[in-house]
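Below: one structure, written as structure tokens.
By convention in this document, chain letters (A, B, ...) are assigned in the order of the sequence lines, proteins followed by strands, and residues within each chain are numbered from 1. Quick note: numbers below take in every heavy atom, side chains included, and nothing from hydrogens, waters or symmetry partners.
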2 protein chains.
Amino acid sequence: MPTSKDVARLAGVSQSTVSYVMSGKRPISAEVRRRVEEAMAQTGFQPNAGARALAGRRTSVVGLVVPFGPSADTTGLLPFVETIATGVREHDYDVLLVTADEGPSALTRLEGRRLCDAIVLMEIEAHDPRIEVAASLRVPVVLIGVPQDPRGLPCVDVDFAEAARLAVTELAASGHDRVVVLGHPAEAVARDVGYVRRFADSALATARAVGVAHEVVEPVEATPLGAERAVEAARLDRPGLTGLVVAGTSAVQPVLTALVRAGHVPGRDVTVIGVCTDAAAAAAEPAVTNVSLEPRDVSRLAVRTVFRLLDTEVADAPPDVALVTPTLTHRSTTARAAAPAA
Amino acid sequence: MPTSKDVARLAGVSQSTVSYVMSGKRPISAEVRRRVEEAMAQTGFQPNAGARALAGRRTSVVGLVVPFGPSADTTGLLPFVETIATGVREHDYDVLLVTADEGPSALTRLEGRRLCDAIVLMEIEAHDPRIEVAASLRVPVVLIGVPQDPRGLPCVDVDFAEAARLAVTELAASGHDRVVVLGHPAEAVARDVGYVRRFADSALATARAVGVAHEVVEPVEATPLGAERAVEAARLDRPGLTGLVVAGTSAVQPVLTALVRAGHVPGRDVTVIGVCTDAAAAAAEPAVTNVSLEPRDVSRLAVRTVFRLLDTEVADAPPDVALVTPTLTHRSTTARAAAPAA
DNA sequence: CTGAAAGCGCTAACAG
DNA sequence: CTGTTAGCGCTTTCAG
């Protein structure tokens, strides 16, 4: 296995020159650069990560703490992980995967052993015990999810308040008399993940603002039975046109199925707006109007935040909370109230 | 951030003694050990991973290549990743996550940069281009999945041949006249993942051996429509008792739903055996008799194989192919042929 | 624009 | 049972 010393000898330069050719941290003449690069190619040289980390005090690794473990909700986790892994590679960094069930000590280990240059913490709960520890680290930490008190840590997430606003405003504007929000599963509510409340609050506030009746059915379990119950609880037999807002990708299909089974025709006698990914919305049967909730967008933003933190010497402008704005896409489940004859 | 030198000074010993206390590679008197451990606790010392990797020539990291990327089937991937991450941590190792879309060069990078001590390659296809590269590495590689030619690399997987044997034997023994295998989705067949063929071949061979009629419906897409078509293609209107073997966790529920919708009663006029995880089988509606297919078992075996390889100086006994034996669990979907009156 | 040399923090001979 | 010492392969001053 060739070292930079071998490359240097072969190219007839000093070891430091090889280093500077790689890092670009000082000007190199074209001729020397050519010789070094040729020597590198010829030997198949690759820099030793450990040596680099030791001498350069940076690991080129991002620690990713994923919510595995007994209590974890791992539905839809993969797109996050994939996007982060891919995004990080584009900066020639790697991802060290750590499971959340290791607890807050995972964070101190990552920092203490110098295993990474930055940490991404996923699935943040409103009162997450890891925040305190994370805030005390010298290595930058980016949160995916917004806790009650971020302690100065940068957070990224979907703008759930805006998502609720979009959905409710849309329903009111298209002549619905009533908005029923089918909320999150009991497990998510119990864990007090930040977005549950932010979504609910915004839905309520918007409904009030635009003057439409508003009800909430919660918890809603993402199972055939749970969906059936939720549909019953929505009381669609009442007079007037109802708009259903279904929170959470996993609940959308079950609710649609339950509606059809109960004799309803989404898009005709009831409107359904899913709060889910565009892919899930398009694949649903029937294709459902949705407010997008794209893990990939959030992850990309997280990666960008990580490298902004890594690139700036000082923690200059603390970014605080950065939210991804969702968009509303109409599909087959939008109904319109009978309009005055045109 | 304290170093082992700080610990040594505080404990009044040499730096190497601190190292040996950590590694246990040579005897330490109780008294010295006590002083060192106290000094470590007092300073909050944690060994620098980079320095360790450089001096000790081992990284304490396992590289995990996961099938992300455009062409990837990531369904059910999480349990694998989680189990590997957790298992590896039990040996005080970490996991470096690499996406397969980086191609074979990911492997040379992991090796060349000394990023890990071993590599786990997931979702191996029958003719996987990475095998050749993997076989040429000096760092041990464990395959999850069995390729046509493993090139001497250790493989772990579920014993799909045994799974098919179990299912078909069971059906024949309980008086079924006909076995219909609902096979994998077109995408899996096209990618030529090893298990598709192994399962199919074994099902056929077993059916012949026990003398029961055998048909295959393939591909089967794991969607409502795909399941409906598959059920039609199974021609359950024919005389005699039919046993359906549904391959793949994601297809089981859709097929059950399609059966019920078509007026069948699983467990009464048709038997269904899912080839899926026990969890999925128990959660299905109705709970389905299944042949287990446990990602966690496979992953645990993979981790064990990794550390067996890491612990032995030489690659002594090449383990070749290690398969996890599935088990059959009866649930509500097993029907029995009318037996002679007891 | 380039070289020489001093470490980064740990491990593992080698010596006792 | 313990200490001394020589690196591991890079990065980065300091000199020129």
Side-chain angles (χ1 to χ4, degrees), chain A residues 1-37 39-40 43-61 92 109 111-117 138 313, chain B residues 1-37 39-40 43-61 92 109 111-117 138-139 310 313:
Chain A
M1 196 98 314
T3 71
S4 66
K5 211 179 224 162
D6 299 325
V7 173
R9 186 171 16 214
L10 191 66
V13 299
S14 78
Q15 198 185 15
S16 64
T17 297
V18 174
S19 177
Y20 285 119
V21 166
M22 296 198 289
S23 70
K25 284 186 183 172
R26 81 181 186 189
I28 303 282
S29 72
E31 165 59 9
V32 167
R33 155 161 288 124
R34 203 194 50 67
R35 291 214 314 269
V36 170
E37 276 166 354
M40 299 208 311
T43 55
F45 167 76
Q46 302 205 228
N48 180 309
R52 247 191 184 177
L54 182 56
R57 293 114 190 298
R58 30 187 247 87
T59 60
S60 293
V61 167
D92 202 18
R109 191 169 62 84
E111 153 144 318
R113 299 195 160 187
R114 305 257 109 100
L115 282 164
C116 61
D117 300 334
R138 273 181 300 285
E313 288 307 307
Chain B
M1 198 96 315
T3 71
S4 67
K5 213 178 222 162
D6 298 326
V7 173
R9 187 171 15 212
L10 190 66
V13 300
S14 77
Q15 199 183 14
S16 65
T17 298
V18 174
S19 176
Y20 286 119
V21 165
M22 297 200 288
S23 70
K25 285 187 182 172
R26 81 181 186 188
I28 303 283
S29 73
E31 165 59 8
V32 166
R33 154 162 289 124
R34 203 194 50 68
R35 292 213 314 267
V36 170
E37 276 166 355
M40 299 208 311
T43 55
F45 168 77
Q46 302 205 228
N48 179 307
R52 239 184 193 187
L54 182 56
R57 298 125 182 294
R58 31 188 245 84
T59 60
S60 293
V61 168
D92 202 18
R109 190 169 62 85
E111 154 143 318
R113 298 195 159 186
R114 303 257 108 100
L115 281 164
C116 62
D117 300 333
R138 272 182 301 285
V139 41
L310 247 29
E313 288 307 307

Discussion item. Under a 3.5 Å cutoff, is there a donor and acceptor pairing between the side chains of Ser16(A) and Ser19(A)?
Written reply: no
Worksheet item: With no angle test and no hydrogens, is the base of dA4(C) tied to the side chain of Ser16(A) by a donor-acceptor pair under 3.5 Å?
Response: yes
Practice prompt. Please report, rounded to the nearest Å, how far the P atom of dC10(C) is from the CD atom of Gln46(B).
Written response: 11 Å
Worksheet item: Rounded to whole angstroms, how far apart are CZ on Arg58(B) and P on dC10(C)?
Response: 15 Å
Practice prompt. Output yes when a side-chain donor or acceptor of Thr17(B) lies under 3.5 Å from a complementary backbone atom of Val13(B), and no otherwise.
Written response: no
Item to complete: Describe the nucleic acid contact of Thr17(B) in one word from base, sugar-phosphate, nothing, applying a heavy-atom distance below 4.0 Å.
Response: sugar-phosphate
Practice prompt. Please figure out whether Leu54(A) or Arg26(A) has its closest DNA chain D nucleotide nearer the 5' end.
Written response: Leu54(A)
Worksheet item: Would you find a donor on one side and an acceptor on the other, under 3.5 Å apart, between the side chain of Asp117(B) and the backbone of Arg58(B)?
Response: no
Item to complete: To the nearest Å, give me how far apart CD1 (Ile28(B)) and P (dA12(C)) are.
Response: 13 Å
Item to complete: For Val13(A), report the nucleic acid contact type (base, sugar-phosphate, nothing); a contact means any heavy atom under 4.0 Å.
Response: sugar-phosphate
Practice prompt. Report the distance from atom NZ of Lys5(A) to atom C1' of dT12(D), rounded to the nearest whole Å.
Written response: 16 Å
Worksheet item: Which is true for Arg114(A) with a 4.0 Å heavy-atom rule: it touches a base, it touches only sugar-phosphate, or it touches nothing?
Response: nothing
Worksheet entry | Side chain of Met22(B) - closest among dC1(C), dG9(C), dT11(C) | dT11(C)
Worksheet item: Can a salt bridge be assigned to the pair Asp92(B) and Arg113(A) using a cut-off of 4.0 Å between side-chain N and carboxylate O?
Response: yes
Worksheet entry | Touch class at under 4.0 angstrom, heavy-atom based, for Ser19(A) against every strand present | base
Fill in: Distance, rounded to the nearest Å, where Gln15(A) contributes CD and dG3(C) contributes P
12 Å
Worksheet entry | Touch class at under 4.0 angstrom, heavy-atom based, for Val18(B) against every strand present | nothing
Item to complete: Check for a donor-acceptor pair, side chain of Glu111(A) on one end and backbone N or O of Arg138(A) on the other, with a separation under 3.5 Å.
Response: yes
Item to complete: Send over the distance from Arg113(A) CZ to dT11(C) C1', rounded to a whole Å.
Response: 15 Å
Discussion item. How many whole angstroms separate atom CG of Asn48(A) from atom C1' of dC8(C)?
Written reply: 13 Å
Discussion item. Does Arg52(A) contact dT11(D) through a side-chain donor or acceptor facing the base, at a distance under 3.5 Å?
Written reply: no
Worksheet item: Counting only side-chain N and O atoms of Ser14(B), is one of them less than 4.0 Å from OP1 or OP2 of dG3(D)?
Response: yes
Worksheet item: To the nearest Å, how far apart are Tyr20(B) OH and dT11(C) C1'?
Response: 7 Å
Worksheet item: Where the side chain of Lys25(A) is defined as all heavy atoms beyond and including C-beta, which of dT2(C), dG3(D), dT12(D) is the nearest nucleotide?
Response: dT12(D)
Worksheet item: Between the side-chain atoms of Arg57(A) and the base atoms of dT11(D), is any donor-acceptor pair under 3.5 Å?
Response: no
Discussion item. Let me confirm one number: the CG-CG distance from Leu54(B) to Asn48(A), rounded to the nearest 0.5 Å.
Written reply: 6.0 Å
Worksheet item: Which part of the nucleic acid, if any, lies within reach of Met1(B) when heavy atoms closer than 4.0 Å are counted: base, sugar-phosphate only, or nothing?
Response: nothing
